[in-house]
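Before any comments, here is the structure.
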Amino acid sequence: MELFIIFISAAVVNNFVLAYFLGICPFIGVSNKLSSASSMGMATTFVMVLTAIVSYLLYNFILVPFGLEFLQIPSFILVIASLVQFVEMVIKKISQPLYRALGIFLPLITTNCAILGLALFISMRDYNFIESVIFGVGAGAGFTLALVIMAGIREELELADVPKGFRGAPITLITAGILALAFMGFAGMI
Amino acid sequence: MELTFWIALATMGGLGFVFAGALAIADKKLRVEENPLIGQVNDLLPGANCGGCGCAGCYDFSVQLVEGKKPVNGCPVGGEDTAKAIAELLGLEAGASVKIVPRILCKGGNKEAVKKMTNYYGPLSCKTMHIVAGGDKLCTYGCLGGGDCVEACPFNAMIMGENGLPIVIEEICTGCGICVKACPRDIIEMHPIDREVFVFCKNHDDPKTSKAVCDVACVGCGICARKSDGGIEMVDFLGVINYDKLDPEKIPFEKCSTGAITRISKN
Amino acid sequence: MKTAIHMIATLLIIGAISGGLLSGISNWADPLIAMNKQKATEEAIFLVQPEGKSYEHLNAPGVEIYKVFDGSNKPIGYSLAYEGNGFQGKIRVMVGLSSDLNKIVSMEVLEQVETPGLGTKVTESHYKDQFKNLVTVPSLNWVKEGTAPKENEVIAITGATISSKAVVAIINDGMTKLRKLQQGGKL
Amino acid sequence: MKKQVTLWQDYFKGIWEINPAFKQILGTCPTLAVTATVENGIAMALATTFVLTFSSFIISLMRKLIPSQVRIASYIVVIATFVTIVDLVMKAQFPELSKSLGPFIPLIVVNCIILGRAEAFASKNGPLRSVLDALGNGTGFLIALVALSAIRELFGSRSVLGLQILPDTFEPMIVMILPAGAFITYGLLLGFSNTLAERKKRIAQEELVRKYKPVQKAGSEEIISQEA
Amino acid sequence: MSTPTANPVYKLELTSSPHVHSRWNTKQAMWLVIISLLPPVVASVLFYGFYQLFVILVSVGVCVGTEALIKKARHKEVTISDGSAAITGLLLALILPPNFSLFFTAIGAIFAIAIGKEIFGGLGYNIFNPALVGRAFLQAAFPVAMTTWAIPNFSDAVSKATPLAAFKFEKITADLGAMFMGNISGSIGETSGLAVLLGGIFLIVIGVVNWRVPLAMVLGVIVFGGIFWLIDPSKYPNPFFHLLAGGFMFGAFYMATDWVTSPLTGKGMWMYGGGISLIIVVIRLFGGLPEGVMYAILFMNGFVPLINKYTKPRVFGEVK
Amino acid sequence: MSLFSFAKKTFRGGVHPFEHKEMTENLAFEIMPDPPTVIVPLSQHIGKQATPIVKKGSVVSLGSVVAEPQGFVSIPIHSPVSGKVMNIHREPNTSGYPKDAIIIQTDTTIEGSEKFEPLNYETISGEAIRERVRIAGLVGQGGAAFPTFIKLSPPDGKKIDYVILNGCECEPYLTRDYRLMLEKSEDVVVGLNLIMKAVGVENGIIGIEDNKPEAIEKLKGVATRFKNIKVEVLETKYPQGAEKMLIRACVGREVPPGKLPMDAGVIVQNIGTATAIYDAVVKGEPQLYAALTVTGKGINSPKNLMVKVGTPLQEVLDYCGGVKEEAVKVIVGGPMMGIAQFDFSAPVMKATSGIVVLTKEEVNEHPETPCLKCGKCIEACPINLVPTKLSRYSQLERYEDAEDLNITSCMECGTCTFTCPANIPLVQWIRLGKQKVIELQKEKKTA
């Protein structure tokens, strides 16, 4: 039950994008097409789970034992970057279609603050291993949800008569604001 | 303190080592052959992989740019400098030397062209007018005045004149030719900017009909063709210019009763 | 190969410098950070035990509890730091208790992420002050606005019933643990 | 003299022309997250500027030593180092501020502004210009954050920088300090700034068109002769 | 004879086929909706007094004014006569609590039209129901004012709490009959199930509103609410309580059925209605808030583009 | 609506426009006298235009061939009058764009007419019917003007089970088919029999909407004399007479997108085509007349007419008492799918089924507003498309998206625009998008 709550909390109630403002850059950048949004979402979820695992291990088995908590930021980011790079390499080698669908989104994920945020949350909240993984899955699902909803809306908005200055990022942000209002309905559900 | 210092040093150094090693291997083993242009464009980009352009990272952007799916100024981070650099790079590839601009080969504005007695109702776009018997004007070849080319121009280099004919602002025009595709009646043609002589008409009707539909149509009298030594050929009552053979000096512009063939000079 | 070595060497050196530098900085910062933390805790302890002058951290499993003494080193009660779920996330409170644990001296909300303007009212004095001299036996309770509270009851905030309830529940929860410790003679 | 001009330009272009928050739409996460109060906004912008300036400086110095394949990784490590420094210093000296900014100080690492400027400018230019560029962008970021947080704090808590501005009769609009308010305010600001830029462009275009027409009319037998 | 001639006598129109059109038009449909809103308006005045008329007038006036201003600023044709802004104003007013501040009403109305509608391009392009956007904004901006209820005129109750809040926080269930008539606390237009039902059935009968969405929502709430009720009747209310409580009826007939923000296809409408009812039940039973109709509809509004995309009808003759 | 419709045979979707058939449904056909000049377009059908075999100044007699077919999908053109060829020239056309035509000045002094030998319909072979239909220059009367003989020659390997005669006349206002069914019921049924023979099919069905009880009665009476021909009563709904809808309603089969009725084992022919086949085979007459309804509140005296092919519209309108001043539209074809005219010198063609003159009140047009996504167009579309999206994609030139939504399946029946409360010219945009998509598809194929 605890795990389920962690999942729902990360995915819906405390949605990374709409409540914590994490991963806004790709949220605005890659939400213009449904196909790329869902690919991006999946790739991010994958990396989030990996990050959750690796950062948990790194934090609890290297940084804490040696009293190196202050190295959190540089070491997390380096590990995430190298991990993403490595995964990209592997995918490229294994399957070209998979690479076209997911792999090309990987470089974008390195500088996604949702990933680093996830790693920091895990160390901050003292999640255990399973909780960390579930948290990663939930956060990824929440990110994907927000991204996919937004992509659907934006595909629709492309047909709309949005004032010129508001096209693109501004209307996306405002839509996200209204979505955030809607997500407030889930408050208190944790 | 000493120990922590050294461990910190070793941890970060080690991580760096692993990462660099992985990258080095990747660099060696997984290099994929591709259009060299993509790499060149990629080098010009900021490389922040921020996704602001809507692509999956800078590399994806350069691929799409080279494939023509993204504009040169599509990178919001790089800004104008990057756009210019890329444009230069691509310009070198295209090898364009003389500027090419669109010419609107119809003079039948709202005054000159004869109107139908029916009023067209519906979307005011050339394409849609074209499928409903051609809008308000009787001429079935000429400009419809719906402004599809103006709409289509990505650089706002075209405006709709007061007489219902589009005007090209040559300073802004990049010669992309999108307006040509936008015109359902194929009135717009791309020409080098220094070309001077044009037949500003596309009407293939016989003399009587073309006179009836427009004051400034090419009526197909053929005077210009006869004097041109093969520079102009009459095709179905319309003068068609062969620019390889054309000698502007030989053309009796003043003899053209409707002014359809005109020499434009810039000074 | 040469570029590979170059690459590895660059990153290795940059990494090492970074590690070294940060270790130095953290050496300087760590004691300060620890001090800040302690100062904050101390402030909170005395905030809920205004008479207190010194304190002692009790080594009790599962709860963070401080025994507070007055100027003459006489124990006047306890300060309990405890946390639980609120409306949107964790609420962390510090409660000053009398020595017999039957009365609350004062209550302070240390951390919360409640809805601004609504749930955050639990940090405001007209809610907080209700806890002063509140009787903790058998347990705390809450009532809606418009009803007269008993000596162990607080009035919930309109529109933020859940947050108000949560604070009460958290304190009750902490008290139960504390009582167990008390019975076990561990205080 | 000429050099002077470009240097100034390096600085000033960051304020409006390529303003990170309004034009490049980078660093959106902190822009939205920490602007509930002006104080937080300023602190965040200063911290970012600090990291941006120092990392730009260092990267600009090292730009010729780093092989291109590992440049991103190296930049990230440099940036992360400075971010950690800021984080530690803030925790040590300004514990309150550090608490209210929460995890967003560490997240400066992945703020695309910094990596973006590092890649787009510092890796190609000398240290002086890079620092000016960084400071310019930092200032632009600061302005954006202050503008956003001022609006949000004013309507959300009646005050700016903690000073109450609106009278007590004005009920604070709590939504402004919630995520939804952040998104909407930023979206509106962005939209209006775009509209402004759009209008500027249109006016310039109209100017050109106006200039264009008479020139064409003055010519003898020119293409736009149909206009008559 | 041989040259094309202009027709000399008649003033004719040249248009694309088809050349005849049905009686339906936007304006007419909008005004029918306004007429159908009369029963709830009457009910609101009846139960909560004449002051509510001021709220309605301010809301409608500000909505119409805002729309006119924005259209003018955008140099577009001012289209307030189509009645859509008036509907938004009316709907917004009817989902506000009784005796609501006129100033707040105006703020909500401005937000509803400006952010909920015009910024997306105006009528037909908005993703979210503008009235609900306005209310969600007010709820987030002025939570206390938005949850301050009044006791209706014909009730002898002492508690101002809405049935849902009473249930959520005190486990008190209200009388279903009173809930149907509207003799309970709640938003001015939502409380009377009877009035809403009258207007809603009128809309369905004349064909302005598609019957699928309300039906899907009613069935959904009975099913989802029923499941929980069957699991533990003492802990969860019976499904008819869900049906009559809060803004469910109003949402089902007026909010969720909004043409612009609901799905295009029949299949989509079933999914949409079902989704809304599921979220309503979940928020009411497990969420921190007593009521979730507004959030559920807004949330599903966000899904509508996706639903539309994946419920394309089967093209005639196509074999899947 | 849909709740009650399962009782009668029909299809999903559709609309119920005002029919207004009362203006002409009780008026018998009149034969209009020959006009002074006829303009005979060389292309009165889908496919390549015919090549003229006469020259300026040639003298032609009634029914003589003036243009030969060019290629397979093409038909000969016969002179509808005796007279002198004045010119061969691009002339206004009811399609809106000028087309090459032979202009013949009527000269009643020229004697003689050319006819084919009448054949016995009971003994004639299928082969002979097809040949006669070809040389008589028959085209489908349903609007698309597809050469009839091609439709009668299904390619090998296609098994045809039914011939359906389309007696729906679902277009409002028009009563031509109705009058033909009443006045020439014999011809209609025999014509159907001939079609069945030509194609070699056992089953013939005449589908008639239930708003024409007299025609149903009459044809049922005649049909009893022929085995295997039955009359099917269908719900009155537009576009019941569209091929695909008719097949769905009559035999329950669906024609796949992009396929022909033949692929579903059905051939559909129009009532007018059946009578024309009767005329060509039994009487030996090429198609010289177009049967049409001139109607609408904008014309002084509505009529059902037999008009010589090539008669300018002006002559026809004048014959019917002229156009009223309040008329706003003159449409060739029905009001749902017909083409608005701007030049009345355009001639009547073989497939012209009516001229409808509408007044403002009948058009009932409202100002266009943005799409409200009410979904009425989707509900009405008989093909189950999403017209609002298609039209918007087309408007924004997103043709690939439009292609994904099967824009090419649209048959431009006009139900969506008819029903649209926002009065968006959906059909016009979709037609444009369709053209562009087909162009793009062709480009892709060649590339």
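Proteins come first, then strands; the chains are lettered A, B, ... in the order of their sequence lines, and each starts at number 1.
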### Query
Are C:Val93 and C:Leu110 side-chain neighbours, meaning at least one heavy-atom pair lies under 4.5 Å?
no
### Task
Could you tell me whether D:Phe54 atom CZ has more than 12 heavy atoms of other residues or ligands within 6.0 Å of it?
no
### Query
Do any of residues 173-186 of chain D have a heavy atom less than 4.5 Å from a heavy atom of chain C, and if so, which, in residue order?
D:Ile174, D:Ile177, D:Leu178
### Summary
Residues pairing under salt bridge (Lys or Arg N to Asp or Glu O under 4.0 Å) where one sits in residues 6-25 of chain C, two or more places apart or in two chains, turn out to be none
### Query
Out of curiosity, D:Ile59 CD1 to D:Leu115 CG, how far, rounded to the nearest 0.5 Å?
7.5 Å
### Message
Can you confirm whether D:Phe94 is buried at CZ, in the sense that more than 12 heavy atoms of other residues, nucleotides or ligands lie under 6.0 Å from that atom?
### Response
no
### Task
Check D:Leu52 against D:Ile114 and note the closest heavy-atom contact, atom names and distance.
CD1-CA, 3.7 Å
### Query
Do D:Phe121 and D:Asp10 have side chains that get closer than 4.5 Å, going by heavy atoms?
yes
So between chain D and chain C, what donor-acceptor pairs come in under 3.5 Å?
from    : atom 1 : to      : atom 2 : distance (Å)
D:Leu65 : O      : C:His6  : NE2    : 3.0
D:Thr81 : OG1    : C:Ser18 : OG     : 2.9
D:Lys91 : O      : C:Asn36 : ND2    : 2.9
D:Ala92 : O      : C:Asn36 : ND2    : 2.7

### Task
Mind checking ring pair (Phe, Tyr, Trp, His ring centres under 6.0 Å) for D:Phe12 and listing every partner two or more places apart, or none if nothing turns up?
D:Trp8
### Query
Is the number of heavy atoms from other residues, nucleotides or ligands within 6.0 Å of CZ (C:Phe131) greater than 12?
yes
### Message
Closer than 3.5 angstrom, by distance alone: can the side chain of D:Asp133 be matched with the main-chain N or O of D:Arg129 as a donor-acceptor pair?
### Response
no
### Query
Between C:Ile14 and chain D, which part of the residue has a heavy atom less than 4.5 Å away: side chain, backbone, both or neither?
both
